[in-house]
Amino acid sequence: MEKLIITVAPVGAEVTRQDTPYLPLTPDEIAEEAFRCARAGASILHLHVRDREGKPTQSREVFKEVISRVKEKTDMIVQVSTGGAVGMTPAERLQSIYSHEAVEMATLTCGTVNFGSDVFMNTPPDIEEFAKAITEKRIKPEIECFEAGMINNALMLLKKGLVKEPLHFDFVMGVPGGIMARPRDLIYLSENIPSGSTWTVAGIGRYELSLGVMAILLGGHVRVGFEDNIYYTKGVLAKNNAQLVERISRLAAELGRDVANPDEARKILGLIY
Ligand code: KMH
Ligand code: ZN
């Protein structure tokens, strides 16, 4: 089986210091956390950033500053969020892809989904605009699917030439309002993408671990981090994101799957040849 790519999503847009005191917020904190996670086996950094008050922002300048600090410390693949936070405008969200030449990947959510008590809006014209902009910048999209129908939307983008094969998917599972996070849900999604595609899974809350283990076994890849889950075990907060990465690396080793370094991940994803 191909080596395992571990993505870490250490910040997110929804988690607060009230939820966990260990959340990295400043550029220095995020860069330090990225460094620890890279050492633990993460090769992709799924990046959200915060303003001086700790609120989510898609500011080009803030992304630039954070990415510069991260790149001083690690060679991780930087994957910027274009999802941002619920309620941001499409133009606001898309700033991240123009922030720094080191951006190699960007998320592309392929549909609208209920998101707790909010709605994460991604209209068809907006999805197409995002896909076009990402492809024009020669950035690899990570197609985020919160629902099975989003795979179909991605296939329509492919037909229109707005994204290119091989596609890479991220199944975000267990969001209240999106697809559930049972083993059969992951099997369904992973079996319904074009052959030759790669996929990773981001299980929300307690599903981060169970779906991560399934992905190791099925030949997929794994995302962990405070964006999706702040606990190490039930009721016990993880002290940092690296603890969550370390556990996946350890489980992968136990299960006979080697963990990819950033350049190996780039090859698997077709970022380099
Ligand atoms: N914060 C969520 C509403 C992405 O990074 O592209 C959207 C999100 C997806 O986190
Ligand atoms: Zn995100």
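Read the numbers this way: they start at 1 and go in the same order the structure lists the ligands and their atoms. Both backbone and side-chain heavy atoms feed into the values below; hydrogens, waters and symmetry mates do not.
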*Do S68 and H100 get their side chains close enough for a donor-acceptor pair, meaning under 3.5 Å?*
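Per modelled atom types, S68 and H100 side chains form a pair under 3.5 Å.
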_Ring-plane angle category for F120 and F146, please: parallel below 30°, perpendicular beyond 60°, tilted otherwise._
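If you compare the ring of F120 with that of F146, the planes turn out perpendicular.
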Could you find the nearest protein heavy atom to [atom] and give me its residue, atom name and distance?
{"atom": "atom 5 (O) of ligand 1", "result": "S81 OG, 2.7 Å"}
{"atom": "atom 9 (C) of ligand 1", "result": "E144 OE1, 3.7 Å"}
{"atom": "atom 6 (O) of ligand 1", "result": "T107 OG1, 2.7 Å"}

Going by the atom numbers of ligand 1, which of them fall below 4.0 Å from some non-hydrogen atom of [X]?
{"X": "E227", "value": "10 (O)"}
{"X": "G83", "value": "4 (C), 6 (O)"}
{"X": "H48", "value": "5 (O), 10 (O)"}
{"X": "E14", "value": "1 (N), 2 (C), 3 (C)"}

*Does any N or O atom in F120 lie less than 3.5 angstrom from one in ligand 1, N or O only?*
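Between F120 and ligand 1, no N or O pair is found under 3.5 Å apart.
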_Test your reading of the structure: does A13 have an N or O sitting under 3.5 Å from an N or O of ligand 1?_
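Between A13 and ligand 1, no N or O pair is found under 3.5 Å apart.
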*Carboxylate-amine/guanidinium proximity below 4.0 Å for E32 and K73*: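 Answer for the salt bridge query: yes.
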*Basic-acidic side-chain contact under 4.0 Å: E144, R223*: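 Salt bridge: yes.
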*asked:* As a quick check of understanding, evaluate salt bridge (Lys or Arg N to Asp or Glu O under 4.0 Å) for R36 and E33, giving each step before the final call.
replied: CA-CA 5 Å; R36 277 193 291 266; E33 192 77 337; 2.6 Å; yes
*Identify, by name, the N, O or S atom of E227 lying closest to the Zn ion (ligand 2).*
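For E227, the N, O or S atom at the smallest distance from the Zn ion (ligand 2) is OE2.
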*Please walk me through it: do R69 and E65 pass salt bridge (Lys or Arg N to Asp or Glu O under 4.0 Å)?*
CA-CA 6 Å; R69 302 274 174 97; E65 186 181 354; 3.0 Å; yes
*Would you find a donor on one side and an acceptor on the other, under 3.5 Å apart, between the side chain of R60 and the backbone of S99?*
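It does not hold such a pair.
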